[in-house]
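Here is how names work: the chains are called A, B, and so on, in the same order as the sequence lines, proteins then strands, and each is numbered from 1. Please read all numbers here as calculations on a predicted model, not as lab measurements.
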There are 2 protein chains.
Amino acid sequence: MLVTSFEEKLDPRVKRTRKLLTDAFEELVQEKSLHAITVQDIAERATVNRATFYAHFDDKYALMDHLVASSYRETVKNKLADACGFSHENLALLIEATCEFLSRYTSSCHPSDEKYRPLIETQIQAQIKGLLSRWLEEHTNENGPSNIDIEITSTVYSWAIFGAGMQWAQHSNGSTLEDYSADVVSLILDGAPVP
Amino acid sequence: MLVTSFEEKLDPRVKRTRKLLTDAFEELVQEKSLHAITVQDIAERATVNRATFYAHFDDKYALMDHLVASSYRETVKNKLADACGFSHENLALLIEATCEFLSRYTSSCHPSDEKYRPLIETQIQAQIKGLLSRWLEEHTNENGPSNIDIEITSTVYSWAIFGAGMQWAQHSNGSTLEDYSADVVSLILDGAPVP
DNA sequence: ACAGTATAGCAACATTTGTTGCTTTGTCAA
DNA sequence: TTGACAAAGCAACAAATGTTGCTATACTGT
């Protein structure tokens, strides 16, 4: 049910089954909307018994969630490489990565799936929060504890960044991504434009 | 399918059916988890044909969404009354309203429904954004256009506020709601604690 | 009051879902 | 190598879903 996120030593059978399932699913997603895809479809295409599907994922959304999560993780890892620390630059990079990812995801998403997107997307916010937490922890170690709780800060900022990404993905205005992320960073770090 | 949000003059039959459905649903929600509730249940309890349910809502989540949306609208209306304008005070009120609402909602929510919460909750962000937009528009009229797009500002802030509410609802720390909202407001308006 | 129209009820349908008990097969370690 | 164990296959299930074509009923404006 819970797909172990670390690639632990895994029974080769489950490895094989999961690969079959995810491969089949990725194929299907290219072909039709998530809404139109059934667990039947996936199992059939994967040549895996349907009951076995349920041994690995709760439903198709869980599978989608898993794929999106690891894909985003990958995107962030590439863009941020070793970047680690709470700074304008890193925030900008993180925002850009998020915008790019959500943009790609949105355009690969059939309109009929609109309704169920939050189900898959909100875990991205959780990842952002994790990242920010680590950055802030480190930052705190250097400069002494900040006056506002790290928990609150990372939560609020992660949602803000996630939201900025969603906004970009859905109505990317004329501006460049760099300008956009700069605006967002300044909005977040420097505060309100009209306080 | 789309439940008209304004109480337009509606065919009394439609009104009746919707009331029957929502009443039945509200009863059921008290009794078991959303996950465990079926469309069958709802239709049966409402003494409405199941096919008729589908003429009004896509699925049980759409119904839940509808109820949560109007409930939140109500909450905000009460708390903010005529408050209208982009200010520290109003932001604080909005945040408190959101925290209270999400807190109530969370505690009334069976743990087995965790997975599907984003489906219902994210439309709250949309409401917040609408509110902020109006506030900022008005503010702009007074003080000339701000340097950062209202669209971006309202989006980012609305997600930030929504996130703050979620955080409060799930791990309400020891502090009072007033302190919490003050922290969040200052985080949002005054910028990063460690810039 | 009535005719036209919109909505609800009803019954039936093919499908999908989620789960179960049991069997078979693959894996790992002693 | 073999024996214990974990995972996958299989078949069958009751139940829920989403949709359809048709009938009956309630509303609306003229």
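- Gln40(B) places its CD atom 6 Å from the P atom of dT17(D), with the value rounded to the nearest Å.
- Atom CG in Asn49(A) sits about 16 Å away from atom C1' in dA6(D), given to the nearest Å.
- Rounded to a whole Å, the NZ atom of Lys15(A) is 14 Å from the P atom of dA8(D).
- Between Asp59(A) atom CG and dT19(C) atom P the separation is 11 Å, expressed in whole Å.
- In this structure, Arg16(A) and Lys60(B) both approach DNA chain D, and ranking their closest nucleotides by distance from the 5' end singles out Arg16(A).
- The OH-P distance, from Tyr54(A) to dA8(D), rounds to 16 Å in whole Å.
- Along DNA chain D, the nucleotide nearest Thr38(B) and the nucleotide nearest Asp11(B) are compared for position; the residue whose nucleotide lies closer to the 5' end is Thr38(B).
- Counting to the nearest Å, the P atom of dC13(D) and the CZ atom of Arg50(A) are 14 Å from each other.
- Taking side-chain N and O atoms only, His56(B) has a distance below 4.0 Å to OP1 or OP2 of dA8(C).
- Contact of the Val156(B) side chain with the Trp159(A) side chain is not registered, since no non-hydrogen atoms from C-beta on lie closer than 4.5 Å.
- Side-chain to base pairing of Arg13(A) with dA6(D): one donor and one acceptor N or O lie within less than 3.5 Å of each other.
- Between Asp41(A) and Lys32(A), the closest side-chain pair of non-hydrogen atoms falls below 4.5 Å.
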- Task: Take Asp23(A) and Arg18(A) through the salt bridge (charged side-chain N to carboxylate O under 4.0 Å, His left out) test and state the conclusion after the steps.
- Result: CA-CA 8 Å; Asp23(A) 285 356; Arg18(A) 291 210 182 134; over 6 Å; no

